Amino acid sequence: MSVENAIQTPNDQILLKVRNLKKYFPTSNGVVRAVDDVSFDVSKEETLALVGESGSGKTTVANVILGKYVADAGSILYKGYEIGNIPLIKRNLLLRREIQVVFQDPATSLNPKKTVKDIIETAINIHYPNLNKYEKIERLLILMNYVGLTEDYLFKLPGELGGGEKQLVAIARALATNPTCLILDESTSNLDVSAQSRILKTLLRIQKSKNLTYILITHDLAVVKNISHRINVMYLGKLMEIASVEELFSNPLHPYTQMLLASIPTISEEESKTLPKGIESKGEIPSAINPPSGCRFRTRCPFVMNICSEQEPILNEVSHGHYVACHLINNMKK
Ligand code: SF4
């Protein structure tokens, strides 16, 4: 069954429908095929993780959803409306309000000369200019309360805050527009373990209370396990595997997913027993300018066969909601 037919989320439950998305970047060395024919759904109120190494195309997918880039081919339907061909500058205020992003490094996304109050208030002023002064202050305090920041932080500058606190300010600013969908782009990658845990707990609490949909972009499968419902594994611009978190961690099928799982650092023997056994990490991700023929993972795959260089494997459903693009798995099913 092809992915187009196989992804069976009921239509009224789909927030984003991505189909055959392509995004290429011409360079002086050739064309970078950053995203090359990718299809998936994002359901309302779920957390979908896009996982893969640097160069997998996950951030490019997010940037097309955000309107930073326009799709070269394919479609992105948001609540049934095509947005893949609308750049951010041409998106109306309502759409810009609904899809917000929290970046990896709050130190660069927050103005160092503005206080926490100014940073969050600016977003309120842009998106809700008709609120009166008291309503704006009320909204500011509600947002700070949502992310667990007390009024003591109102007049602090970003430089006076820890990494986790800065990220809480960035989340409060994103929430100021009352979004439906938050894209979390490596939002906890630069944080220490305790700050990361605080942010993840805050995100989970906010998601429940505000019925938010999250798209989590990360290279870190350990983070994914704690917060996501489903995982899309990407490699060199292609989707390799889609599954629920439970299924992916208990039954990873694609050799690339197994390699990613094997590279999760564990702190104890006990912990390592809970992770599936994977294959050793081998080599580097090849260039997206001249990707390998057939299966793009074949230059690193220990199970490579002749067919792998000749035919591109199609994403097939191997069990309910679990899709894999691999000739080895397809052959085992026959
Ligand atoms: Fe490995 Fe072939 Fe499967 Fe690609 S299609 S992951 S090369 S076995």
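Order of listing sets the numbers, starting from 1, for every ligand and every atom in it. FYI, side chains are in, hydrogens and waters are out, and symmetry mates aren't considered; it's all heavy atoms of this structure. Keep in mind it's a predicted model, so treat the numbers as computed, not measured. Along the sequence shown, the residues carry numbers beginning at 1.
The ring pair (Phe, Tyr, Trp, His ring centres under 6.0 Å) check on Y146 picks up nothing, with sequence neighbours excluded.
Remark: the backbone N or O of E45 is paired with a side-chain donor or acceptor of T213 at under 3.5 angstrom.
When only modelled atom types and interatomic distance are considered, Q13 and S43 share no side-chain donor-acceptor pair under 3.5 Å. Side-chain contact of T115 with D118: a donor-acceptor pair under 3.5 Å is present, judged by distance alone.
The contact set between ligand 1 and H254, taken as ligand atoms under 4.0 Å from a residue heavy atom, comprises 6 (S).
In the hydrophobic clustering of ILVMFWY residues, with side-chain heavy atoms under 4.5 Å counting as a link, Y153 and F155 come out together.
For the side chain to side chain donor-acceptor pair (under 3.5 Å) condition, the pairs that include at least one residue of residues 285-297, sequence neighbours left out, are D36-R296, S293-R298. Residues in residues 173-185 take part in these side chain to side chain donor-acceptor pair (under 3.5 Å) pairs, two or more places apart or across chains: E98-T180.
Around atom 2 (Fe) of ligand 1, the protein atoms of type N, O or S found under 2.8 Å away are C308 SG, listed by chain and number.
Using a 4.0 Å cutoff on heavy atoms, M240 does not count as a contact of ligand 1.
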